[in-house]
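Reviewing the structure listed below.
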Amino acid sequence: MPNVDARPSILSDDFAADPYSSFAWLREEAPVHYEPAIDSYILSRHQDVRRVLTDHEAFSTATLQERAEPVMRGPVLAQMTGAEHTAKRKIVVRGFTGQMLQQQIRAIREDAAEILAPFLARGRVDLVNDFGKPFAVYAALDILGLDKADWQQVAGWHGGVAEFITSLALTPERRRHCLDCAEQLEAYLAPVIAQRRREPGADLVSQLSTAEFDGIGLTDRDVTALVINVLVAAAEPADKTIALLFKHLIDHPGQLARVRQDPGLLPAAIAETLRYTPPVQLIPRHVERDAVFAGTTIPAGATVFGLIGAANRDPEAFADPDTFDIDRPDLGTARSFTAAAQHLAFGAGLHQCVGAAFARAEIETVAAMLLPLFDQVRYSPGFEYRETGLYTRGPASLCLDFTPVTESVVP
Ligand code: 2IO
């Protein structure tokens, strides 16, 4: 018998405190790691995670029927296949690219300036809780065309929905709370969808409400699920990415100075942040047919998790993977937000993140606004850095001091 206790479970406290220190062990010693508590297999090598995400015959997204559908109130984009997937994905893509994206960038600048305003004269901000979380919800509401006056309510419901999707184990009480949040969000959206069907605007809720697929419109259930899908997918990773970007830059003052001098380096800094510390750390798939990895068979019917965080630190894919380096030649910044990305932060294959281009524009816009404030940026006295989350992961807070400013940040 192997000494099973020597295997660091991804459900252990040690892993939760710092998953990155377990990744090398997983890739080298347990590339097919079984977690009995969640009856799932964990894959951590870059080529294996990519294979799970791109071999759609062998690995499907059927896991989302249990993992997401109860709180999404219907099927999300990632669950769809074939012509339906292609058609509906196109509708969603149009909602935040091209002309729509240009408008959204203007809204993002206004949102960011508004949320930041009270902290400027103080010269102190918690980039996660004061800024990132409200900002992430604002930006998602902008895409959808929902009322930002209701942001706090929506943020609360979003929290419950996201908790359901990203928890590896839920108590019955928490499960009930998450489902309550989802039901309230669904009830909140119902009259909005009815109104947009009557008087459509340019927003994504209107586009989904009036779209036709094979001559048939989407049902309320279909629209609701896609709206919640976009809300969660836009809001959940955004505050984490903003905070992680600034944490890494502050920890690497030379790279921070260069990015401040030349914001043209921001896409590289964002791409490297996504590689080094992806805000979505794992992706589940349902195994449709027996699959062999590193000599071990994962049986049809099993659930498998691709560990993006570990894949992105695989020395087979990236030289010196545990170093944050915005100049790394093996990242390929230009393709980092496309289907050709080498890092797996946006997934890969047919279901690769539909919002990648939006995410890049969003984070770049906000970071370009924050950078000029941060000439003397430092951690606030007594601040202790801590990350939370296994599925989606980011700083619990990021308390920063900077030189107070009195004038507006929006030029
Ligand atoms: C929302 C987990 C934040 C997605 C999910 C049910 C489906 C899909 C993802 C990402 C990130 C979220 N899965 N986005 O991993 O839409």
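For the numbers below, each heavy atom of this structure counts, side chains included, while hydrogens, waters and symmetry mates do not. Atoms within a ligand are numbered from 1 in the order they appear, just like the ligands themselves.
- Judged by the 6.0 Å and 45° rule, Arg124 forms no cation-pi pair with Phe119.
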Does ligand 1 have any N/O pairs with the protein under 3.5 Å, and how far apart?
| residue | atom | partner | partner atom | Å |
| --- | --- | --- | --- | --- |
| ligand 1 | 16 (O) | Asn229 | ND2 | 3.0 |

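- Residue pairs meeting the ring pair (Phe, Tyr, Trp, His ring centres under 6.0 Å) criterion with at least one partner in residues 228-253, sequence neighbours excluded, are Phe246-Phe374, His248-Tyr276, His248-Phe324, His252-Phe324.
- A ring-centre distance under 6.0 Å is not found for Tyr138 and Phe135.
- For Arg67 against Leu168, the heavy-atom pair with the smallest separation is NH2-CD2, 4.1 Å.
- Among residue pairs with one or both ends in residues 74-114, those qualifying as ring pair (Phe, Tyr, Trp, His ring centres under 6.0 Å) are His85-His351, Phe96-Phe358; sequence neighbours excluded.
- Residues in residues 281-304 take part in these ring pair (Phe, Tyr, Trp, His ring centres under 6.0 Å) pairs, two or more places apart or across chains: Phe59-Phe293.
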